[in-house]
Amino acid sequence: MKKRIAMALCVALVFSMAGMALAEMVKSAYLYCIVIEQTATTFTVLTDGQQRYTFQKGENLSVQSASGALAMDDAVVVQYTGTIEMNAEEQSVHVAEVVVLSTLDGTVHENSTMNAIWVQSLNDDGSAGPIYGFDKENADVAVGEDGILIGDDVEVAYRGSLEDLVEGQVQDVGYVHISVYGQIEDTME
């Protein structure tokens, strides 16, 4: 009887370990990018690192956006399983979901810290708008060689809408991608 119980425990342990290994193999990965082309069956994106990837839309593709569809120049997060191949014309990964993000353009504000970036937003007319904070701890941050400096041009892509943002406090949004572009230097002639 003890041998059967021990054997059953061993078999259960092996299947449990195999299940964990399988779960590790099918973990989702996320890619922040901009939609640059699309057809009825594919969409092509460009990453911050200027890598271009084309994905199949698939019949079960979930697009999280107000319209339920992708549009050119949308900032998106692509959730997929599999491995992206750098120079492949089309990817053979399974795309589970595409989330269209809202974006906020502005400049890095002086209140920024190691943990949070504060953004002086820009109004439609180019004047200074409200100041919003974003947590950098769990954010995807892309910066140049100078890091993040006060006054740098910045774009923040986030899950939610502008109406969800609260002026003067760190935002509670599901996903944040911060792209810092540096300062545009004036040239003297």
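Please read these numbers as outputs of a predicted model, since none were measured by experiment. Residue numbers start at 1 and run along the sequence shown.
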- Message: Contact between Glu155 and Leu104 at the side-chain level, heavy atoms closer than 4.5 Å - yes or no?
- Response: no

- So, Ser62 versus Gln64: side-chain donor-acceptor pair below 3.5 Å or not? yes

- Note on the structure: What one should report as the nearest heavy-atom pair of Pro130 and Glu167 is CB-CD, 3.5 Å

- Query: Given Thr113 and Asn115, is the side chain to side chain donor-acceptor pair (under 3.5 Å) satisfied, shown in steps?
  - Reply: CA-CA 5 Å; Thr113 65; Asn115 297 327; 5.2 Å; no

- Spatial distance of atom CD1 (Ile150) from atom OG1 (Thr107) [nearest 0.5 Å]: 9.0 Å

- Item | Chi angles and distances behind the side chain to side chain contact (heavy atoms under 4.5 Å, CB included) call for Asp152, Tyr181 | CA-CA 6 Å; Asp152 281 351; Tyr181 299 108; over 6 Å; no

- Would a distance-only check, ignoring hydrogens and angles, find a side-chain to backbone donor-acceptor pair under 3.5 Å from Gln171 to Val166? yes

- Message: For Asp48 versus Ala142, what's the shortest heavy-atom pair and its separation?
- Response: OD2-CB, 3.2 Å

- Report whether Leu101 and Val156 are members of the same hydrophobic cluster (ILVMFWY, side-chain heavy atoms less than 4.5 Å apart, transitive linking). no

- Item | Side-chain heavy atoms of Leu70 within contact of Val76, under 4.5 Å | yes

- Would one find more than 12 heavy atoms of other residues, nucleotides or ligands at under 6.0 Å from atom CG of Asp125? yes

- Under a single-linkage definition using a 4.5 Å side-chain heavy-atom cutoff for Ile, Leu, Val, Met, Phe, Trp and Tyr, are Val35 and Val63 assigned to the same hydrophobic cluster? yes

- Item | Side chains of Leu61 and Val98 in contact at under 4.5 Å (non-hydrogen atoms) | yes

- Under 6.0 Å from the CG atom of Asn123, do we count more than 12 heavy atoms belonging to anything else shown? yes

- Taking C-beta and beyond as the side chain, do Ile117 and Val108 meet within less than 4.5 Å on heavy atoms? yes

- Task: Flag yes if more than 12 heavy atoms outside Met72 fall under 6.0 Å of its CE atom; otherwise flag no.
- Result: yes

- Check: Tyr158/Asp164 side-chain N/O donor and acceptor closer than 3.5 Å: no

- Which residue, Thr44, Val45, Thr54, forms the side-chain contact (heavy atoms from CB on, under 4.5 Å) with Glu37? Thr44

- Task: With sequence neighbours excluded, tell me which residues meet side-chain contact (heavy atoms from CB on, under 4.5 Å) with Leu46.
- Result: Ile36, Gln50, Arg52

- Is there a donor-acceptor pair closer than 3.5 Å between any side-chain N or O of Lys57 and the backbone N or O of Val95? no

- Query: Do you know the tightest heavy-atom contact between Tyr175 and Tyr32?
  - Reply: OH-CB, 3.5 Å

- To the nearest 0.5 Å, how far apart are CG in Asp105 and OG in Ser121? 9.5 Å

- Item | For the student: nearest non-hydrogen atoms of Ser28 and Thr81, plus distance | OG-CG2, 3.8 Å

- Item | Trp118 CH2 to Lys136 NZ distance, which is reported to the nearest 0.5 Å | 13.0 Å

- Query: Could you state the interatomic distance from CD (Gln120) to CD (Glu110), rounded to the nearest 0.5 Å?
  - Reply: 9.5 Å

- Message: With rounding to the nearest 0.5 angstrom, report the OG to CG distance, Ser67 to Asp74.
- Response: 7.5 Å

- Would a 4.5 Å heavy-atom cut-off, applied to side chains only, mark Val180 and Asp153 as touching? no

- Task: Check whether any side-chain heavy atom of Phe55 lies under 4.5 Å from a side-chain heavy atom of Thr42, and answer yes or no.
- Result: no

- Item | From Glu90 atom CD to Gln56 atom CD, the distance as rounded to the nearest 0.5 Å | 4.5 Å

- Note on the structure: Correct closest heavy-atom pair for Val93 and Thr83 would be CG1-O, 3.4 Å

- How far apart are the closest heavy atoms of Tyr132 and Leu165, and which atoms are they? CE2-CB, 3.5 Å

- Item | Connected via hydrophobic side-chain network under 4.5 Å: Ile84 and Val99 | no

- Linked, directly or transitively: Val77 and Val141 (ILVMFWY side chains, under 4.5 Å): no

- Query: If two hydrophobic side chains count as joined below 4.5 Å and joins carry through other members, does Val119 share a cluster with Val173?
  - Reply: yes

- Message: I'd like to know if the side chain of Ser102 and the backbone of Leu162 have a donor-acceptor N/O pair within less than 3.5 Å.
- Response: no

- Item | side chain to side chain contact (heavy atoms under 4.5 Å, CB included) assessment of Tyr53 paired with Thr47 | CA-CA 8 Å; Tyr53 300 112; Thr47 68; 3.7 Å; yes

